[in-house]
Amino acid sequence: MTAYRELVNRVLAVKQAGLEMGLAKVREQEAFIYRVAALLDKTSWAYVVQMDTDFNVVFRMETGLVAFEHQVQAVRQMLAAEFDVVAAIGSTTQLTVCHAAGNECTVVFGEAS
(Lines give C-alpha, C1' and ligand atoms only; values in the text may rest on other atoms or scores of the structure.)
Protein backbone atom coordinates (compact mmCIF):
# COMPACT_ATOMS: atom_id res chain seq x y z
CA MET A 1 0.00 0.00 0.00
CA THR A 2 2.98 2.33 -0.07
CA ALA A 3 2.23 3.14 -3.71
CA TYR A 4 -1.27 4.31 -2.75
CA ARG A 5 0.07 6.74 -0.14
CA GLU A 6 2.64 8.03 -2.61
CA LEU A 7 -0.15 8.70 -5.11
CA VAL A 8 -2.18 10.50 -2.45
CA ASN A 9 0.82 12.63 -1.51
CA ARG A 10 1.44 13.49 -5.16
CA VAL A 11 -2.16 14.59 -5.66
CA LEU A 12 -2.02 16.68 -2.49
CA ALA A 13 1.25 18.28 -3.59
CA VAL A 14 -0.28 19.28 -6.93
CA LYS A 15 -3.35 20.76 -5.22
CA GLN A 16 -1.15 22.64 -2.76
CA ALA A 17 0.98 24.03 -5.60
CA GLY A 18 -2.21 25.17 -7.36
CA LEU A 19 -3.38 26.96 -4.23
CA GLU A 20 -0.01 28.64 -3.79
CA MET A 21 -0.11 29.84 -7.41
CA GLY A 22 -3.64 31.14 -6.85
CA LEU A 23 -2.59 33.02 -3.74
CA ALA A 24 0.34 34.54 -5.62
CA LYS A 25 -2.11 35.72 -8.30
CA VAL A 26 -4.35 37.23 -5.62
CA ARG A 27 -1.44 39.15 -4.11
CA GLU A 28 -0.34 40.42 -7.52
CA GLN A 29 -3.77 41.58 -8.65
CA GLU A 30 -5.15 42.96 -5.38
CA ALA A 31 -4.09 46.60 -5.85
CA PHE A 32 -5.23 46.49 -9.49
CA ILE A 33 -8.69 45.17 -8.56
CA TYR A 34 -9.06 47.79 -5.82
CA ARG A 35 -8.12 50.52 -8.31
CA VAL A 36 -10.62 49.29 -10.92
CA ALA A 37 -13.30 49.21 -8.19
CA ALA A 38 -12.40 52.75 -7.12
CA LEU A 39 -12.79 53.97 -10.70
CA LEU A 40 -16.13 52.18 -11.08
CA ASP A 41 -17.27 53.69 -7.77
CA LYS A 42 -16.92 57.11 -9.41
CA THR A 43 -19.61 56.21 -11.92
CA SER A 44 -23.29 56.35 -11.04
CA TRP A 45 -23.97 52.66 -11.71
CA ALA A 46 -24.20 49.87 -9.18
CA TYR A 47 -22.09 46.76 -9.63
CA VAL A 48 -21.22 43.54 -7.87
CA VAL A 49 -17.84 41.85 -7.82
CA GLN A 50 -17.46 38.13 -8.35
CA MET A 51 -14.49 35.79 -8.39
CA ASP A 52 -14.30 32.32 -9.88
CA THR A 53 -12.32 29.37 -8.56
CA ASP A 54 -9.30 30.47 -10.62
CA PHE A 55 -9.32 33.89 -8.88
CA ASN A 56 -10.52 35.70 -12.03
CA VAL A 57 -12.53 38.81 -11.16
CA VAL A 58 -15.71 39.98 -12.91
CA PHE A 59 -17.46 43.26 -12.18
CA ARG A 60 -21.16 42.90 -13.11
CA MET A 61 -22.57 46.37 -13.71
CA GLU A 62 -26.24 47.40 -13.79
CA THR A 63 -27.41 49.40 -16.74
CA GLY A 64 -28.46 52.92 -15.92
CA LEU A 65 -30.96 55.51 -17.02
CA VAL A 66 -28.75 56.72 -19.89
CA ALA A 67 -28.52 55.02 -23.24
CA PHE A 68 -26.66 51.74 -22.95
CA GLU A 69 -24.02 52.73 -25.51
CA HIS A 70 -23.30 55.92 -23.60
CA GLN A 71 -22.89 54.01 -20.36
CA VAL A 72 -20.44 51.56 -21.92
CA GLN A 73 -18.48 54.43 -23.47
CA ALA A 74 -18.39 56.37 -20.19
CA VAL A 75 -17.13 53.38 -18.21
CA ARG A 76 -14.63 52.55 -20.94
CA GLN A 77 -13.25 56.11 -20.89
CA MET A 78 -13.00 56.10 -17.10
CA LEU A 79 -11.01 52.87 -17.10
CA ALA A 80 -8.94 53.69 -20.20
CA ALA A 81 -7.46 56.71 -18.42
CA GLU A 82 -5.32 54.25 -16.43
CA PHE A 83 -5.56 50.84 -18.09
CA ASP A 84 -5.80 49.16 -21.47
CA VAL A 85 -9.45 48.37 -22.19
CA VAL A 86 -10.76 46.04 -24.88
CA ALA A 87 -14.47 45.94 -25.68
CA ALA A 88 -16.27 42.77 -26.74
CA ILE A 89 -19.76 43.25 -28.09
CA GLY A 90 -21.90 40.14 -28.41
CA SER A 91 -24.72 38.52 -26.54
CA THR A 92 -23.31 40.36 -23.52
CA THR A 93 -21.31 43.56 -23.70
CA GLN A 94 -18.13 43.40 -21.71
CA LEU A 95 -14.87 45.23 -21.26
CA THR A 96 -11.61 43.47 -20.52
CA VAL A 97 -9.41 45.69 -18.38
CA CYS A 98 -5.68 44.96 -18.55
CA HIS A 99 -2.79 46.24 -16.47
CA ALA A 100 0.77 46.41 -17.76
CA ALA A 101 1.84 43.98 -15.02
CA GLY A 102 -0.29 41.28 -16.64
CA ASN A 103 -3.35 41.52 -14.42
CA GLU A 104 -6.78 41.66 -15.97
CA CYS A 105 -10.46 41.64 -15.06
CA THR A 106 -13.77 41.89 -16.87
CA VAL A 107 -16.65 44.36 -16.64
CA VAL A 108 -19.96 42.88 -17.83
CA PHE A 109 -22.95 45.17 -18.37
CA GLY A 110 -26.56 44.51 -17.50
CA GLU A 111 -26.01 41.50 -15.28
CA ALA A 112 -25.51 42.78 -11.74
CA SER A 113 -27.18 40.38 -9.34
Check: For residues 15-26, which residue pairs qualify under salt bridge (Lys or Arg N to Asp or Glu O under 4.0 Å), counting only residues two or more places apart or in two chains?
Finding: none

Item checked: Criterion side-chain contact (heavy atoms from CB on, under 4.5 Å) on C98 and V85, from CA distance to verdict -> CA-CA 6 Å; C98 305; V85 180; over 6 Å; no

Next item on the list: Mind checking side chain to side chain contact (heavy atoms under 4.5 Å, CB included) for V14 and listing every partner two or more places apart, or none if nothing turns up?
Entry: none

Check: Is there a side-chain contact (heavy atoms from CB on, under 4.5 Å) between Y47 and V58 once you walk through the steps?
Finding: CA-CA 10 Å; Y47 65 89; V58 176; over 6 Å; no

Next item on the list: With the side chain counted from C-beta on, respond yes when F83 and F32 share a heavy-atom pair under 4.5 Å apart, and no when they do not.
Entry: yes

Margin query: Using a 6.0 Å cut-off, check whether atom CG of L65 has over 12 heavy atoms from anything other than its own residue.
Written below: no

Next item on the list: Work out which heavy atom in L95 is nearest to a heavy atom in L79; give both atom names and the distance.
Entry: CD1-CD1, 4.4 Å

Notebook entry, point to check: Can you find a pair of side-chain heavy atoms, one from V75 and one from W45, that are under 4.5 Å apart?
Noted result: yes

Next item on the list: Sorted by first residue and then second, give each side chain to side chain donor-acceptor pair (under 3.5 Å) pair with at least one member in residues 95-104; sequence neighbours left out.
Entry: none

Note to self: Determine whether a donor-acceptor pair (N or O, by modelled atom type, separation under 3.5 Å) exists between the side chain of D52 and the backbone of D54.
What the structure shows: yes

Check: Going by the salt bridge (Lys or Arg N to Asp or Glu O under 4.0 Å) test, which pairs reach into residues 33-42, not counting sequence neighbours?
Finding: R35-E82

Margin query: With a sphere of 6.0 Å drawn around CE of M21, does it hold more than 12 non-hydrogen atoms of other residues, nucleotides or ligands?
Written below: no

Notebook entry, point to check: Any side-chain heavy-atom pair from V57 and Q29 closer than 4.5 angstrom?
Noted result: yes

Note to self: Minimum heavy-atom separation for G22 and F55, please, with both atom names.
What the structure shows: CA-CE1, 3.4 Å

Check: Under the side chain to side chain donor-acceptor pair (under 3.5 Å) rule, what pairs show up with a residue in residues 66-78, not counting sequence neighbours?
Finding: none

Notebook entry, point to check: Below 4.5 Å, heavy atoms only, C-beta onward: do F59 and V108 meet side chain to side chain?
Noted result: no

Note to self: Tell me the closest heavy-atom pair linking V107 and M61, and the distance in Å.
What the structure shows: CG1-CB, 4.4 Å

Notebook entry, point to check: How would you list, by chain and number, every residue that makes a side chain to side chain donor-acceptor pair (under 3.5 Å) with N9, sequence neighbours excluded?
Noted result: none

